[in-house]
Amino acid sequence: MSQHHPTPAQVCLNCDGFPAVRVSLGGRDRTGALRTITAHCPACHGTGLRRPALAHQQVTA
């Protein structure tokens, strides 16, 4: 009996599936914690997945 396997998600080619990273600003705040910012992948907008190509439909009047 065959089993159905879900199609694996397409990983973003730009970020390799790591869509958000913390970047250190190089200093510490008053409590001693590192000052960091979050940077998201501009291609997938932080999802880590490729979006399927949209089918271009031609509109006729």
Side-chain angles (χ1 to χ4, degrees):
M1 191 178 222
S2 65
Q3 293 184 356
H4 297 284
H5 295 285
T7 305
Q10 299 293 323
V11 177
C12 175
L13 298 175
N14 292 320
C15 65
D16 237 3
F18 296 95
V21 295
R22 302 288 284 181
V23 180
S24 173
L25 297 175
R28 296 188 179 265
D29 61 10
R30 284 184 277 161
T31 63
L34 281 175
R35 295 183 325 162
T36 60
I37 59 171
T38 303
H40 296 284
C41 174
C44 66
H45 303 288
T47 63
L49 302 175
R50 270 195 310 185
R51 296 182 187 226
L54 298 174
H56 294 285
Q57 296 180 355
Q58 191 174 31
V59 178
T60 57

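Just so you know, residue 1 is the first one in the sequence shown, and it goes up from there. The basis for the numbers below is simple: all heavy atoms, side chains too, and nothing from hydrogens, waters or symmetry mates.
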Student: Provide the full list of side chain to side chain donor-acceptor pair (under 3.5 Å) pairs with a residue in residues 38-49, sequence neighbours left out, each pair given once.
Tutor: Arg22-Thr38
Student: Pairs of donor and acceptor atoms involving the side chains of residues 25-32, under 3.5 Å and at least two apart or interchain, shall be tabulated with distances.
Tutor:
residue	atom	partner	partner atom	Å
Arg28	NH1	Gly32	O	2.7
Asp29	OD1	Thr31	N	3.2
Asp29	OD1	Thr31	OG1	2.9
Asp29	OD1	Gly32	N	3.1
Asp29	OD1	Ala33	N	2.9
Asp29	OD2	Thr31	OG1	3.4

Student: List the atom pairs, donor and acceptor, that lie under 3.5 Å between side-chain atoms in residues 11-18 and the rest of the protein, sequence neighbours left out.
Tutor:
none

